[in-house]
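Right, one structure below, let's go through it.
We're numbering straight along the sequence, starting at 1. No experiment lies behind these values; they were computed from the predicted model shown.
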Amino acid sequence: MYHAAVLTVSDRSFRGERSDTGGPLVAEVLKNAGYDVVKTAIVPDEQLLIEEALRAIADTGDVQLLVTTGGTGFAPRDVTPEATVAVCDRLTPGIPEAMRHASLQITLRAMLSRAQAGIRGKTLIMNLPGSPKAAQENLEAILPALEHGLEMLSGRPADCAVESSVE
């Protein structure tokens with residue numbers, strides 16, 4: 001079982017002006033997929049604070065998957081992708097590409113997502129949209145492939161020759 005963390009990026013939720021519905025929904029999807037969600041947190045849309053939270057969670061070594069929700073759009077304060085790129089050692093462009101591809105089957109607005117994903121140490125960090133519905137759709141689109149990626153990231157033997165099916 002892999003340990004996961006969910007970081008909600010939202011000024012209004014951080015200030016208590018709006019209930020965080022995206023973070024708990026993402027945590028529930030992860031739990032239903034067999035992940036142990038060991039941490040949830042909310043930070044405002046401030047790049048340095050997002051970076052600090054990402055580093056603090058990833059650098060514990062206890063979390064293999066760190067998922068953010070929010071701050072991936074075009075608004076001036078949407079800086080989650082920039083924070084993610086700043087803290088990652090290596091980017092994993094296929095993950096956001098796959099999420100955008102799946103979302104484009106639902107809405108043309110998916111092309112406006114600036115989500116990023118990357119690796120920091122032995123933690124995979126990936127951005128989801130702030131909309132709970134879109135966050136769930138994006139996460140469910142890539143969940144089937146994540147276990148293999150996390151297995152490789154852990155350093156344990158992973159059979160890359162085994163094909164996974166696309167449903």
Members sharing L91's hydrophobic cluster (side chains within less than 4.5 Å): V85
Considering all heavy atoms, the nearest I50-A83 contact: CG2-CB, 3.5 Å
Linked, directly or transitively: F14 and L66 (ILVMFWY side chains, under 4.5 Å): no
Spacing of OG1 belonging to T68 relative to CD belonging to Q116, to within rounding of 0.5 Å: 10.5 Å
Residue among V6, V29, L146 satisfying side-chain contact (heavy atoms from CB on, under 4.5 Å) with Y35: L146
Verify same cluster id: I57, I95 (apolar side-chain graph, 4.5 Å): no
Between OG1 on residue T8 and CG on residue L25, distance to nearest 0.5 Å: 10.5 Å
Positive for side-chain contact (heavy atoms from CB on, under 4.5 Å) with L54, one of V43, T80, T84, L49: T84
Nearest-0.5 Å distance, OG of residue S113 to CD of residue E97: 11.5 Å
Heavy-atom pair of closest approach, residues T92 and G118: OG1-N, 3.5 Å
Atom pair CD1 (I142) and CD (E137), whose distance is rounded to the nearest 0.5 Å: 13.0 Å
Approximate separation, where rounding is to 0.5 Å, of I106 CD1 and K133 NZ: 5.5 Å
Verify same cluster id: Y2, I125 (apolar side-chain graph, 4.5 Å): no
L150 reachable from L143 in the ILVMFWY side-chain graph, under 4.5 Å edges: yes
Shared hydrophobic cluster, V37 / L7 (ILVMFWY, side-chain heavy atoms < 4.5 Å): no
Contact summary for E46 and V79, nearest pair of heavy atoms: C-CG2, 4.2 Å
Nearest-0.5 Å distance, CG of residue L139 to CE of residue M99: 8.5 Å
S13 side chain to R18 backbone, donor-acceptor under 3.5 Å: yes
Heavy-atom pair with the smallest gap, counting every atom of Q47 and A86: NE2-CB, 4.4 Å
Whether over 12 other heavy atoms sit under 6.0 Å from R90 CZ: no
Shortest non-hydrogen separation from L30 to A4 and the atoms involved: CD1-CB, 4.0 Å
Check: E151 main-chain N/O paired with S154 side-chain donor or acceptor under 3.5 Å: yes
Considering all heavy atoms, the nearest G71-D45 contact: CA-OD1, 4.0 Å
Donor-acceptor under 3.5 Å (R77 side chain, P44 main chain): no
Donor-acceptor pair, side chain of Q64 and main chain of H3, under 3.5 angstrom: yes
NZ/NE/NH1/NH2 to OD/OE distance under 4.0 Å, D78 and R114: no
Sub-4.5 Å side-chain heavy-atom contact between N138 and P129: yes
